[in-house]
Amino acid sequence: MSQIGEKPAEISIDEFRSRQNRLLSQLRPDDLLVICPNVESNRSNDVHYPYRSSSDMLYLSGWKDPESIMTAHHDGESWVVTLFVQPKDTLKEIWEGRREGVEGALNGWPIDSAHSIEDLSTIFSEMVSKANRVLVRSGINTAVDVMVKDAIERRDRARQQFGNGPISIEDPSAKIAELRLRKSDAEIAQMRHVSQISSLAHEISMRHSAVGRKEYQLQSVIEGFFSYAGTSGWAYPSIVGCGENATILHYTVNDDTCEDGDIILIDAGAEYNGYAADITRSWPINGKFTEAQKEIYQLVLDAQLAAIDECRVGRPYNAPHEAARRVLAEGLIELGVITQSLDDALCMENGQLKKWYMHNTGHWIGLDVHDVGIYKPNGEPRLLEEGMCLTVEPGLYFGAWRPDVECPKRYADIGMRIEDDILVTSKGPDVLTKDCPKTISDLESLIGKDFE
Ligand code: GLY
Ligand code: MN
Ligand code: MN
């Protein structure tokens, strides 16, 4: 059984400040930066979805509460980072929970000033009146969009006083994404922690596996452990599919019964301090791979190991994908599933590989499970650098239910994906999720077995 290490240290104030400085150093003193997180979303009647702030807000301030906006403006001497927050309100706090308020925000957060969100419009208008460019991501918070537009219009109406034309709006997301792409030591510690917890959660569900289990029962032991271990829960809705459900890439119904002979595919990861893990494992629910299941599983595993080996400094971001595709195509030719030459099988237009392997081999991971960062800056594949984190997740899906292909009988309804999260280091790939069992012998030794 793997162990979960100590909780990592919180991200320090100094680190948040250094993130802010790296962004602000790219701006001009007459810029106004506005970080505007998601608004709370209604679920039904008076119930909201659990609030999760946007990752850019978490990255730059660590501030998690709803109804908050961060700004940065230059006062002529230095940048001033301001947080607008929900004010203290005893009645609201009695019903909805404690609030930090303006005083709390000023005490121990990486900011220079704080105001009530109720004063946003007035103060914001004043800030815009001094800016020549507003950096804000529009389309997230309608109230802020309207306020920015109004403030700019007011400013434009008075432009004769300022002596210059209308001010521009730009999206700062790409600049922030570029920073988020390279993880610091403190971020890696969070990701290692959530990876360990998620790995152990998968192991628990392997041990809980048995013919007759409901998919939602396996889901519940995984997600229950996410909570038990102190995470904020899942980083994305868990995919728990047995039998033919395992061949549906984003299956989330999770209400079927696991039958003897089924493969169960579980794609689930927790979120800790905003950081995601993303793990997929596939195993026979009865604890023993059939020969046909072994053939496919070992092929996917070989493809995954070849892809992980490409997660090295200086390699193009898509090298893992190309490595995985090649191994899968070679293997399927050997198994008689693909009847084309290797080159033809790999062809994106008519190649047979994409019938059984139809997704990419990975994505950046960090504060978002599908994390930000341009894959092809200037049209060229990005080269991997130390500190980048990506998933490696090849799979094969033989859905006998599909009308668009003739599924090989031997592999009917086998769906398998193996997914780990990789940190690129100068010493080579560091598999953050390495504690999650994945060899055939390791899986067979623990499926359905209690912890010793
Ligand atoms: N869990 C979604 C993905 O693997 O990308
Ligand atoms: Mn993934
Ligand atoms: Mn996944």
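We count ligands from 1, going down the list as the structure has it; atoms in each ligand are counted the same way. All values below were derived from every heavy atom in this structure, side-chain atoms included, with hydrogens, water molecules and symmetry-related copies excluded. As the structure is a computational prediction, the values presented were derived from the model and not from experiment.
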Rounded to 10 degrees, the angle OD2 of D278 makes with NE2 of H363 at the Mn ion (ligand 2): 90°
Sub-4.5 Å side-chain heavy-atom contact between I264 and W283: yes
Minimum-distance protein heavy atom relative to atom 3 (C) of ligand 1: D278 OD2, 3.3 Å
Note, E100 side chain near V85 side chain (heavy atom, < 4.5 Å): no
Pair R207 + E203, salt bridge at N-O below 4.0 Å: yes
Opening angle between OD1 in D267 and OE1 in E419, taken at the Mn ion (ligand 3), to 10 degrees: 100°
Nearest-neighbour protein heavy atom for atom 4 (O) of ligand 1, which is reported as residue plus atom name and distance: E393 OE1, 3.0 Å
Proximal atoms of ligand 1 relative to E419 (non-hydrogen, under 4.0 Å): 4 (O)
For atom 5 (O) of ligand 1, the protein heavy atom that lies nearest, with its residue and separation: H370 NE2, 2.7 Å
side-chain contact (heavy atoms from CB on, under 4.5 Å) between N21 and W79, intermediate numbers included: CA-CA 9 Å; N21 289 339; W79 285 97; 6.0 Å; no
Atom CZ of R17 with >12 non-hydrogen neighbours under 6.0 angstrom: yes
Atom name, E393 (N, O or S, nearest to the Mn ion (ligand 2)): OE2
D267 N/O under 3.5 Å from ligand 1 N/O: yes
Test of ring centre spacing under 6.0 Å for H250 and Y236: no
